[in-house]
Amino acid sequence: MPDVSLIRSELLAWYDRHARSLAWRAPPGAEGRTEPYRVWLSEVMLQQTTTPHATPYFQSFTARWPTVSDLAAAEDGEVMAAWAGLGYYARARNLLACARAVAGEHGGVFPDTEADLLALPGVGAYTAAAVAAIAFDRAANVVDGNVERVMARLFAVETPVPPARPELKRLAGLFVTDERPGDWAQALMDLGATVCRPKSPLCGQCPAAGQCLGLASGAPERFPVKLKKAERPHRRGFAFVMIDPDGQVALERRPDKGLLGGMLGLPTSDWSASPDATPPVDGDWREAGAVEHVFTHFSLTLTVRTARVKAGGDYQWLGLEAARAALPTVFAKALDRAGEPALI
DNA sequence: GATCCGTGGGG
DNA sequence: TCCCCAAGGAT
């Protein structure tokens, strides 16, 4: 069996030499621990999101709202617009709810235990453990997709995920001690991101290669074994671009629950196998083509229709640039499409 | 436990 | 082109 203590010391030594330089990490030798606000913000942004995608958002959020109290005081629409393009918009709603809970119920100071962190909106098992470990040096079992993969390979776990999750978490827990818990968590995730990668792992560079049952099996990339996932259905729909004489576009706030919840959007039909193409208002509607978009659990062909109208009704009217910046990607694509046939 | 919830890059 | 998937959480 892999030697837990040996792997720990080898990986921590590797981390001391190979830690990635990331926007939310204190530079090497920096005084004091990392700000909990920055750790929390980065962890939320990194949920199911790649580092390159999250980085510019982290920079703009921290520049605009330097503390959790600043963020708590922001308006909902501002924060949602600033999150536009990052995806999983429930994160932005929960981010604001969490900031307000910290500002209002905790005096602007993040709680420093895993249990108290877990009670905050948008903070689940992973994020609570990560903030506790990285910001507060608590011995927490930080398990994300990277850690699951590393454990599955180290121990050559044949049980497929997701059923194997509890077992992988148990294995990860074998490594958690009071010694450098924050560094340990980040070392494991850095290893997973740069060496023990999903495809073509770089086992020749791995400090734990000598202890890895997956490598010994001859096919480490086979782990973690995965269950086949369901097919992604396809839907169709219409998006309606109304432009007033000043070039303003009609947008509506989407309900908090459901797809793209809380975000601004174009008026649309239902999205289904055979959507109802009736536009929201009468007018001289023209077809501007279609855009394709892929969501997590369905793909969409969105046909774009445009009309010149007078501003009014129950809409927010924004200029083209402002609208595009505030919209989720699927609607930004639709707006781009509407602009092409020289309607504007 | 199963489902819903985005996006963009890489193989 | 298509498929995979990335520092998950809520219901």
Side-chain angles (χ1 to χ4, degrees), chain A residues 20 22-25 34 38-58 80 83-95 97-98 117-135 140-150 161-166 169 172 182 184-194 196-201 221 224 226-235 254-263 265 271 291-300 327-333:
Chain A
R20 288 178 292 172
L22 301 170
W24 41 89
R25 266 185 197 167
T34 312
R38 296 167 61 86
V39 175
W40 161 74
L41 180 62
S42 66
E43 292 299 343
V44 174
M45 287 185 167
L46 288 164
Q47 290 165 7
Q48 299 291 284
T49 304
T50 58
T51 293
H53 194 189
T55 296
Y57 286 85
F58 179 83
M80 299 309 289
W83 199 275
L86 196 52
Y88 285 139
Y89 298 99
R91 290 186 295 172
R93 300 195 304 275
N94 287 328
L95 188 82
C98 181
L117 288 162
L118 192 55
L120 295 168
V123 176
Y126 163 76
T127 303
V131 174
I134 299 170
N141 192 11
V142 183
V143 183
D144 71 335
N146 287 307
V147 176
E148 287 183 350
R149 182 171 58 258
V150 172
V161 288
R165 292 240 157 86
K169 184 164 188 173
W184 171 253
Q186 295 180 92
L188 212 42
M189 292 191 282
D190 273 23
L191 185 79
T194 64
C196 197
R197 308 180 297 188
K199 298 169 185 173
S200 54
E221 68 281 358
K226 301 203 169 176
L227 250 29
K228 238 178 30 179
K229 49 186 71 169
E231 225 171 282
R232 182 161 24 220
H234 187 261
R235 298 182 191 170
R254 298 175 62 86
D256 277 345
K257 288 196 169 192
L259 189 73
L260 310 175
M263 296 295 289
W271 294 351
V291 297
E292 300 292 333
H293 193 75
V294 180
F295 293 99
T296 303
H297 58 293
F298 68 95
S299 57
L300 176 70
L327 287 171
T329 299
V330 62
F331 292 126
K333 284 185 188 175

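Each chain gets a letter, A, B and so on, in the order the sequences are listed, and its residues count up from 1.
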Nucleotide B:dG6, atom P - distance to CG of A:L327 in whole Å: 14 Å

If you check the A:T127 side chain, which of C:dA6, C:dA7, C:dG9 turns out closest? C:dG9

May I have the distance from A:L117 (atom CG) to C:dA7 (atom P), rounded to whole angstrom? 21 Å

Does a side chain donor of either A:Q47 or A:Y126 reach within less than 3.5 Å of an acceptor in the other side chain? no

Using heavy-atom distances to pick each residue's nearest nucleotide on DNA chain C, tell me which of A:E43 and A:K199 is more 5'. A:K199

Nucleotide nearest A:H297 (side chain, heavy atoms from C-beta), chosen from C:dG9, B:dC4, B:dG8: B:dC4

Can you tell me if the side-chain N/O atoms of A:H53 get under 4.0 Å from OP1 or OP2 in B:dG9? no

Assuming nearest nucleotide by heavy-atom distance, tell me which of A:H293 and A:R197 is located more 5' along DNA chain B. A:H293

Any chance you could measure A:F295, atom CZ, to A:R235, atom CZ, to the nearest 0.5 Å? 9.5 Å

Sugar-phosphate only, base, or nothing, as touched by A:A185 at under 4.0 Å among non-hydrogen atoms: nothing

Have a look at A:S42 and say if it touches a base, only the backbone sugar-phosphate, or nothing, with a 4.0 Å heavy-atom cut-off. nothing

Which is true for A:R149 with a 4.0 Å heavy-atom rule: it touches a base, it touches only sugar-phosphate, or it touches nothing? sugar-phosphate

Winner on side-chain proximity to A:N146, out of B:dG6, B:dT7, C:dA7, is C:dA7

Determine whether a donor-acceptor pair (N or O, by modelled atom type, separation under 3.5 Å) exists between the side chain of A:R232 and the backbone of A:T296. yes

Please work out if A:P163 contacts a base, only the sugar-phosphate, or nothing of the nucleic acid, heavy-atom cut-off 4.0 Å. nothing

Check: A:A84 main-chain N/O paired with A:Y89 side-chain donor or acceptor under 3.5 Å: no

C:dG8 C1' sits how many Å from A:N141 CG, rounded? 15 Å

Indicate, with a heavy-atom threshold strictly under 4.0 Å, whether A:V123 touches base, sugar-phosphate, or nothing. sugar-phosphate

May I ask you to evaluate whether A:T50 reaches the phosphate of C:dA7, defined as a side-chain N or O under 4.0 Å from OP1 or OP2? no

Within the structure, does a side-chain N or O atom of A:Q48 lie under 4.0 Å from either OP1 or OP2 of C:dA6? no

So, does the side chain of A:T329 form a donor-acceptor pair with the base of B:dG6 at under 3.5 Å? no

So what does A:W40 touch, heavy atoms closer than 4.0 Å: a base, only the sugar-phosphate, or nothing? nothing

B:dG1 and C:dT11: how far apart are their C1' atoms, nearest whole angstrom? 12 Å

Using atom CG of A:L46 as one end and atom P of C:dC5 as the other, report the distance to the nearest whole Å. 19 Å

Would you say A:K226 places a side-chain N or O within less than 4.0 Å of OP1 or OP2 belonging to C:dC5? yes

Name the nucleic acid region contacted by A:P162, choosing base, sugar-phosphate or nothing; use a 4.0 angstrom heavy-atom cut-off, strictly under. nothing

When the C1' atoms of C:dA7 and B:dG11 are compared, how many Å lie between them, rounded to an integer? 22 Å

Looking for any heavy atom pair under 4.0 Å, which part of the strands does A:L260 touch: base, sugar-phosphate only, or nothing? sugar-phosphate

Looking at the side chain of A:F295, which of C:dC5, B:dT7, C:dA7 is the nearest nucleotide? B:dT7

Under 4.0 angstrom, heavy atoms only, what part of the nucleic acid is A:L118 near: base, sugar-phosphate, or nothing? nothing

Can you tell me which residue among A:W83, A:W40, A:W24, A:Y88 is in a side chain to side chain contact (heavy atoms under 4.5 Å, CB included) with A:M45? A:W83

Phosphate-side-chain proximity, A:Y88 and C:dA10, N/O vs OP1/OP2 below 4.0 Å: no

If only atom types and distance count, is the side chain of A:R91 paired as donor or acceptor with the main-chain N or O of A:G122 below 3.5 Å? no

A:R91 CZ to B:dC4 P, in whole Å, measures 19 Å

Under 4.0 Å from OP1 or OP2 of C:dG9: is there any side-chain N or O of A:R93 that close? no

Determine yes or no for a side-chain-to-main-chain donor-acceptor pair under 3.5 angstrom, with A:R25 supplying the side chain and A:T34 the backbone. no

Atom-pair distance (NZ on A:K229; C1' on C:dC2), nearest Å: 13 Å

So what does A:G192 hit on the nucleic acid, given a heavy-atom distance under 4.0 Å: a base, only sugar-phosphate, or nothing? nothing

Rounded to whole Å, CG of A:L227 lies from C1' of B:dG1 at a distance of 12 Å

Contact class for A:G85 vs. all strands (heavy atom < 4.0 Å): base, sugar-phosphate, or nothing? sugar-phosphate

With side chains defined as the heavy atoms from C-beta onward, is the minimum distance between A:T51 and A:L22 less than 4.5 Å? yes

Let me know the distance between CH2 of A:W184 and P of C:dA7, rounded to the nearest Å. 16 Å

